[in-house]
Protein chains: 2
Amino acid sequence: MPSFSSYKNPSLAADLVVFGYQQGILSILLLNRNTEPFKDQWVLPGAFLLMEERLRDTCARVLKTKLGMDDLYLEQLCTYDEPNRDPRGRAIAVAHYALVNPARFAITAGTMANDVKWFNVKELPGLGFDHDLIAADALKSLQHKILHYPVGFELLNDLFTMPELHALYECILDISIDRRNFRRKILDAGYIISTGKKREGLHNRHPDLYEFNKELKSIHLSF
Amino acid sequence: MPSFSSYKNPSLAADLVVFGYQQGILSILLLNRNTEPFKDQWVLPGAFLLMEERLRDTCARVLKTKLGMDDLYLEQLCTYDEPNRDPRGRAIAVAHYALVNPARFAITAGTMANDVKWFNVKELPGLGFDHDLIAADALKSLQHKILHYPVGFELLNDLFTMPELHALYECILDISIDRRNFRRKILDAGYIISTGKKREGLHNRHPDLYEFNKELKSIHLSF
DNA sequence: ACAAAAGTGTTGTTTTTACACCCATGG
DNA sequence: CCATGGGTGTAAAAACAACACTTTTGT
């Protein structure tokens, strides 16, 4: 059987848009590069695919070694192949996005970066490569995903309140949603289960605590 | 600036799910391979990416040289990277789908294939590589796309009737839709424009001819 | 005049939206 | 007992689904 050895192939990388939600803000994790090209500019984390590796393993490797993160929700987004997107040569990127509850991890800069930082998705700096485009596409994709898959599960704590889930949806979709109609739609969808407990220690009425319905695979919401 | 020359990279291919709609049937174009691997089996058309080429150019090249087709609607679908998907070695495929009105082209087998044939999407043979999976994913994606983008434009003639558009939607979504409610939704969406003309030569009432509203970029339909 | 298929209209139901109201908590 | 925020209910509007009726054509 013939093999591919005669072909010359572009480099192949997995790039990651890591979304985190904390204090009512949706953020993306960016690295500040300490090598050319785009030295001292902010970019998405990523790595080149190894021959024996699957793309999601490449992503997991980046999350683990560059960011100290484990076991995140991961979704393939799109493949970016503009020939001049990397000044070092032809490089094709398969973009993914990951969802993380930042409270669970303390991030630290790896060897390739000066710094690692969360940026509010509404206040992103100009990014190196074509990462502005990738980040924008990822946000659109997440906004769509949240209507069809219980994404809150990945971004909130195991127990959470209705106002917390409500704020998450308003933040990600960047719209305002009537809290009472929101409650009804979420409950009708069977999205979450009441635990009977309440969140204590707040300065007014203690909201009910819910957990996600793990039986549920897909949902349909519209706002 | 460093380059990538030290990395060894997998082969990168563009694979194509070419959808055609004719006589009320949605079909996919398949090739019968005349070389190993998967000799004499049906597979999706595809080609390896050349270094100076963009993925959509690879697709266009396949459509032109293997199938004699030009200027088709093309959409990137997903990237398939299972390490053993190609027995010749590590090969990653970026799948795309194309939409074509088969009436416009006479297909002919290229040098790589014994035969080229349209297959009803509901009666696909077992395919080589992981192309069963790719074809199934492409159909799902098309079913979603048709609700948000005026896809009929690519699959029908420039002038078409409401019953023709109705049949297309029923076929692609694989559901039955009340023709009167369908008409109302399509017209309310501003999807199409009445031309005042009528389709002649039928054995009963001559239906109105419409054309697509080219101003329209995205739509929202639900059935 | 009839059958077949296409255009038009109506009605009841469900879903969505926009609110009003009451309850619990801390100060 | 008041301000704040959270839980519950309701009525109007919009969207949807199911269906009847009329019109045009070829035979």
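No experiment lies behind these values; they were computed from the predicted model shown. Throughout, a chain's letter reflects where its sequence line sits, starting with A, and its residues are numbered from 1. Side-chain atoms are counted along with the backbone in the values below, which use heavy atoms only and exclude waters and symmetry mates.
Ring geometry, B:His144 versus A:His144: the interplanar angle exceeds 60°, so the pair is classed perpendicular (tilted spans 30 to 60°). Aromatic ring pairs are classed by plane angle as parallel below 30°, tilted from 30° to 60° and perpendicular above 60°; the pair B:Phe212 and B:Phe153 is perpendicular. Between A:Phe38 and A:Phe129, the ring planes lie tilted relative to each other; the angle falls in the 30° to 60° range. A:Phe19 and A:Tyr97 have perpendicular rings, their planes meeting at more than 60° on a 0 to 90° scale where under 30° would count as parallel.
Rounded to whole angstrom, the span from the NE2 atom of A:His166 across to the P atom of D:dT8 amounts to 16 Å. Spacing between atom NZ of A:Lys198 and atom C1' of C:dA24 amounts to 8 Å, rounded to whole angstrom units. Separating the CD1 atom of B:Ile177 from the P atom of D:dA18 is a distance of 12 Å, rounded to the nearest angstrom. Between the CG atom of A:Leu187 and the P atom of D:dG6 there is a distance of 15 Å, given to the nearest Å. C:dA5 atom P lies 18 Å from atom CD of B:Glu200, rounded to whole Å. Between the CG atom of A:Asn204 and the P atom of D:dG7 there is a distance of 10 Å, given to the nearest Å. Rounding to whole angstrom units, CG of residue A:Leu147 and P of C:dT16 are separated by 13 Å. One atom, CD1 of A:Ile175, and another, C1' of C:dT17, lie 13 Å apart when rounded to the nearest Å.
The side chain of B:Arg183 places an N or O atom within less than 4.0 Å of a non-bridging phosphate oxygen (OP1 or OP2) of C:dT8. The side chain of A:His203 contributes an N or O atom lying less than 4.0 Å from OP1 or OP2 of C:dG27. For B:Lys185 and D:dA17, the shortest distance from a side-chain N or O to OP1 or OP2 is below 4.0 Å.
Note that OG1 of B:Thr161 is 8.0 Å distant from CG of B:Leu202, once rounded to the nearest 0.5 Å.
Set against D:dC19, D:dC16, C:dG7, the side chain of B:Met162 has C:dG7 as its closest nucleotide.
Checked by atom type and distance alone, the side chain of A:Asp132 pairs as donor or acceptor with a backbone atom of A:Leu127 at under 3.5 Å.
In this structure, B:Ser222 reaches the sugar-phosphate backbone alone: every heavy-atom distance under 4.0 Å involves primed, P, OP1 or OP2 atoms, never a base. Note on B:Arg199: nothing from the nucleic acid sits closer than 4.0 angstrom, heavy atoms only.
Position along DNA chain D of the nearest nucleotide to A:Asn181 versus A:Leu202 favours A:Leu202 as the more 5'-ward residue. The 5' end of DNA chain C is approached more closely, in terms of each residue's nearest nucleotide, by B:Asp208 than by the other of A:Arg184 and B:Asp208.
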Taking only nitrogen or oxygen atoms into account, show me every contact under 3.5 Å that the protein makes with nucleotides 21-23 of chain C, one pair per line with its distance.
unit_1 : atom_1 : unit_2   : atom_2 : d
C:dC23 : O2     : A:Arg205 : NH1    : 2.9

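With respect to B:Leu31, the side chain to side chain contact (heavy atoms under 4.5 Å, CB included) criterion is satisfied by exactly one of B:Asn114, B:Leu44, B:Leu67, B:Asp115: B:Leu67.
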